[in-house]
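Everything on this sheet refers to the single structure shown next.
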Number of protein chains: 2
Amino acid sequence: MRRPTQGAGNARGTGGSGHSRGSGGTGGSERSGPRTDGPRTGRPGPPRESGENGVTLADVAADAGVHQSTASRALRDGAGVGAATAERVRESARRLGYVVNPAAASLRTGRSRLLGVLVPRLTDIVLATVYEGIEAGAAAAGYQAVVANTRDDPAAQRAKAERLLALRVDGLLLGDARGDTTLAPELVARGVPVALVSRRLRGVTSFTCDDMLGGRLVAEHLLALGHHRVGVVAGEPYASTGVERTKGFTDAYAEAGVPVDPSLIVNSSFDVHGGERAGHRLLAAKPRPTAIFAVNDFAAIGVMGAARAAGLVPGRDLAVAGFNDVPLSAQLPIPLTSVRSPMREMGERAALALVGMVEGRGARSRRFVPELRVRASTAPDGASRAPARTTN
Amino acid sequence: MRRPTQGAGNARGTGGSGHSRGSGGTGGSERSGPRTDGPRTGRPGPPRESGENGVTLADVAADAGVHQSTASRALRDGAGVGAATAERVRESARRLGYVVNPAAASLRTGRSRLLGVLVPRLTDIVLATVYEGIEAGAAAAGYQAVVANTRDDPAAQRAKAERLLALRVDGLLLGDARGDTTLAPELVARGVPVALVSRRLRGVTSFTCDDMLGGRLVAEHLLALGHHRVGVVAGEPYASTGVERTKGFTDAYAEAGVPVDPSLIVNSSFDVHGGERAGHRLLAAKPRPTAIFAVNDFAAIGVMGAARAAGLVPGRDLAVAGFNDVPLSAQLPIPLTSVRSPMREMGERAALALVGMVEGRGARSRRFVPELRVRASTAPDGASRAPARTTN
DNA sequence: ATCGTTCTCGCAATCGATTGTGAGCCTCGT
DNA sequence: ACGAGGCTCACAATCGATTGCGAGAACGAT
């Protein structure tokens with residue numbers, strides 16, 4: 001009795017709910033009835049299976065006995081479609097194993113539901129963890145994340161960003177923002193929805209750890225332990241993470257009336273090797289520092305290696321603290337004192353926020369608060385002062 | 001002011017190369033000539049900017065003064081298009097900043113140039129490294145890789161695979177194949193181009209390290225050092241990597257007439273924690289083993305931690321060997337003996353091979369040969385035998 | 001000078017999903 | 001009972017790129 005439209009078997013053995021459709025299928029005309037048979041010159045062959053299983057929206061619509069448009073609406077928000085009809089369509093879709101073709105939808109809507117993500121390198125467990133959060137956040141919002149490694153190389157960043165944009169991602173999440181580069185602002189100026197994770201940049205919404213605070217926490221801890229001559233392995237100068245962790249640390253020391261000797265602040269790469277090199281340099285300083293703060297756990301591990309090479313036992317002869325608290329840090333032979341930052345959550349919130357921007361809801365930057373994790377690598381400075389007790 | 005459709009200035013000052021085309025534009029009729037003006041009910045509004053910058057193939061064609069089809073061919077392989085014309089089209093595309101819309105192309109061709117990748121977890125540096133290779137290989141072939149973490153959970157593997165398939169990836173690269181699961185074979189049966197990386201599975205083309213050989217290399221090394229009572233941290237039983245490394249190792253020992261005590265072979269997760277637990281168990285064995293082979297570097301680090309906790313110095317009181325030779329291993333306080341596997345290359349070749357399968361060229365499995373890296377963590381067994389010299 | 005080949009290029013039809021507009025049909029009020 | 005107002009649904013037109021087929025041009029051969 002309802003929409004006569006076409007025949008299309010609907011073989012469901014449902015008993016009642018009589019939507020029998022009066023006119024019946026008239027068994028014939030496959031296509032949409034009367035058609036101004038237009039000029040029929042070309043004879044393009046069909047490309048191939050549509051997608052996963054070849055089931056298209058038209059198939060679902062035919063099966064449910066409704067028009068494609070109705071089926072489409074029913075499968076989306078269901079607005080403007082009767083409850084019963086919607087359910088029938090959903091059932092058909094389920095039974096037929098229908099899966100929307102994102103290419104078709106994207107072509108029509110102009111949105112891909114893809115989020116591009118740029119990271120220095122996924123082999124850096126910190127970024128990998130952040131990415132796990134991004135993936136989860138994106139998925140929760142119905143988006144798919146697509147990552148690319150840029151090795152912190154400006155040219156690669158630009159190239160990968162364009163590549164992702166060519167893929168028509170709806171937005172870009174940058175985990176490799178550099179203070180000495182203009183890529184991020186340029187993208188924003190171009191109207192591309194952009195958000196930063198892990199590293200900050202003025203003028204671009206970002207989701208980061210409160211690195212200044214993190215650095216300060218370490219400083220306060222070392223100060224309480226009586227360390228007055230301290231070194232800092234500061235990371236790369238173009239990354240806000242290292243810069244701000246260092247600043248928070250030195251600010252706190254300065255406020256305590258014990259300014260950090262500038263010559264004891266050295267830059268480095270964020271890996272074990274970089275930390276090792278920096279460690280050697282710091283340990284060769286005239287009065288040797290009694291504690292070293294590395295802005296990254298792996299760099300801290302490198303520092304511990306350098307200490308050993310110098311015949312020092314980390315935690316006894318030299319206090320060492322890191323940052324990020326990667327799982328490995330707590331399992332080290334000499335567990336590493338570190339600052340825990342909610343990496344996964346940062347990624348998740350960043351992804352959700354970017355989706356918000358994409359969908360017109362806008363978003364505000366957010367800084368997550370870090371927590372100090374004291375372990376064996378930082379012990380009271382046996383030489384200069386009375387050890388202060390710290391609740392572990 | 002958008003696409004000029006017809007005439008379109010083509011402001012190029014090119015002089016000759018007379019491809020004047022008799023009929024010329026005739027500047028008139030917008031649409032395709034005669035048309036049975038169909039009923040014109042709906043009046044759908046334009047969705048939005050097409051993509052990156054709104055430049056479409058039609059714009060390029062108009063700018064170059066050719067038909068879309070010609071422009072399309074010119075920008076692709078250039079087959080069937082005059083050299084001069086092709087160059088002119090390419091120039092227009094370049095100047096206008098044209099970028100193909102993958103959604104449109106995908107819709108028409110049925111192929112997305114997307115490669116789906118499944119890994120247990122990107123926070124595992126081994127897989128992250130493999131993925132770097134995959135990304136590079138895919139990019140080199142003009143494809144984009146899309147990863148998802150499955151945490152080695154069968155349900156998640158299935159869910160993520162379907163998700164990726166729904167995205168219409170052209171093929172799937174599995175880095176998390178489990179021997180106790182049928183997902184991979186099922187996908188193959190469904191006709192989905194599938195390749196495995198890192199782990200193997202009978203009947204599915206894979207790109208792996210020759211893990212048996214790797215295990216054997218470690219065994220030979222430890223045998224040469226005189227270790228007769230050895231333990232194995234074997235990893236997860238569902239991963240071919242751990243299983244085969246263990247088998248290669250025990251086979252070699254058996255062949256040498258020194259079968260490994262089955263009670264000294266314990267499974268474990270592939271991380272530090274797992275290695276630590278397994279290490280404790282092994283070190284509690286009646287006659288304590290003098291050497292332990294962990295099928296994964298992180299597990300080996302855990303073993304070293306367990307050794308320390310037991311008052312043993314790795315490399316002196318207990319030989320420890322790992323597998324994969326991640327960068328960290330060589331930088332450890334006590335550098336770890338490990339087996340180097342070409343992780344990045346494996347990923348790259350796997351991606352290239354998958355592309356080959358997608359494009360109809362097929363591909364054969366391949367096993368990469370590993371290399372032993374001897375370091376301080378394995379020293380001659382001071383107790384039982386005369387140390388054999390090994391060329392480092 | 002005429003005919004046949006080989007190239008080039010334009011035509012128009014898709015691919016599958018989305019959506020503004022308007023036409024039915026039902027319900028409810030008076 | 002009849003009209004108004006609401007809901008539901010169908011129409012058909014896109015989105016942008018690809019492609020089989022055929023027409024026309026250019027060129028060589030006889």
Side-chain angles (χ1 to χ4, degrees), chain A residues 1-6 32 35 38-51 54-61 64-86 89 98-111 168, chain B residues 3 18-23 31-33 35 38-51 54-61 64-76 78-86 89 98-111 168:
Chain A
M1 75 214 241
R2 272 136 89 78
R3 60 225 80 68
T5 317
Q6 249 57 40
S32 50
R35 200 161 173 51
R40 185 156 294 220
T41 55
R43 183 99 314 276
R48 71 169 52 196
E49 281 299 315
S50 77
V55 177
T56 164
L57 182 59
D59 298 331
V60 174
V66 298
H67 191 270
Q68 293 187 38
S69 61
T70 302
S72 174
R73 278 182 261 257
L75 294 177
R76 298 185 65 67
D77 49 11
V81 179
T85 304
V89 172
Y98 170 73
V99 181
V100 294
N101 182 325
S106 171
L107 177 58
R108 182 61 226 257
T109 65
R111 316 210 301 100
R168 300 300 206 270
Chain B
R3 79 199 69 79
H19 41 274
S20 51
R21 222 173 303 99
S23 67
R31 280 294 171 200
S32 49
R35 199 158 173 53
R40 185 156 294 222
T41 56
R43 183 101 312 276
R48 71 168 53 194
E49 282 299 315
S50 77
V55 176
T56 164
L57 181 59
D59 298 332
V60 175
V66 299
H67 191 270
Q68 294 185 38
S69 61
T70 302
S72 173
R73 278 182 263 255
L75 294 176
R76 297 183 65 65
V81 178
T85 304
V89 172
Y98 171 72
V99 181
V100 295
N101 182 326
S106 170
L107 176 58
R108 183 61 227 258
T109 65
R111 314 207 305 99
R168 300 301 205 269

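Values below: all heavy atoms of this structure, side chains included; hydrogens, waters and symmetry mates excluded. Lettering follows sequence order; numbering is per chain, from 1. Source: prediction; values computed, not measured.
- In the set C/dA17, D/dT8, D/dA12, the nucleotide with an atom closest to the side chain of A/Leu57 is C/dA17.
- Residue B/Gln68 contributes atom CD, which lies 10 Å from atom P of D/dG16 at whole-angstrom precision.
- In this structure, A/Asp77 atom CG and C/dA17 atom C1' are separated by 14 Å, rounded to whole Å.
- Listed candidates were C/dC9, C/dT18, D/dC11. Nearest to the side chain of B/Thr70 is C/dC9.
- Dashed line: the shortest gap from a side-chain N or O of A/His67 to OP1 or OP2 of D/dC9 is not under 4.0 Å.
- For A/Ser72 and C/dA17, the shortest distance from a side-chain N or O to OP1 or OP2 is not below 4.0 Å.
- In this model, the phosphate group of D/dT18 is approached by a side-chain N or O of B/Arg76 to a distance below 4.0 Å at OP1 or OP2.
- Annotation: the terminal axes of the helix from C/dA1-D/dT30 to C/dT30-D/dA1 meet at 40°, where each axis is the rotation carrying the C1' atoms of four end pairs onto the next four (5 pairs per end, rounded to 10°).
- Nucleotide C/dT18 holds its P atom 12 Å from the CZ atom of A/Arg111, rounded to whole Å.
- Here the side chain of B/Leu107 is nearest to one of C/dC15, D/dA17, D/dA10, namely C/dC15.
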Can you list, pair by pair, the side-chain donor-acceptor contacts under 3.5 Å of residues 68-76 of chain B, counting residues two or more places apart and other chains?
{"residue": "B/Ser69", "atom": "OG", "partner": "B/His67", "partner atom": "ND1", "Å": "3.0"}

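- Nearest to the side-chain atoms of B/Arg108 among the listed nucleotides D/dT18, C/dT19, C/dG10 stands D/dT18.
- Comparing atom distances between the B/Asn101 side chain and each of D/dA17, C/dC11, D/dC9 picks out D/dA17 as nearest.
- Looking at the side chain of B/Thr56, the nearest of the listed nucleotides D/dC11, D/dC21, D/dA17 is D/dA17.
- Checking C/dT18, D/dA10, D/dA17 against the side-chain heavy atoms of A/Val66 singles out D/dA10 as nearest.
- Listed nucleotides D/dA17, C/dC11, C/dG16 differ in distance to B/Ala104; the shortest reach to its side chain belongs to D/dA17.
- Place B/Ala83 and A/Tyr98 on DNA chain C by their nearest nucleotides, and B/Ala83 ends up nearer the 5' end.
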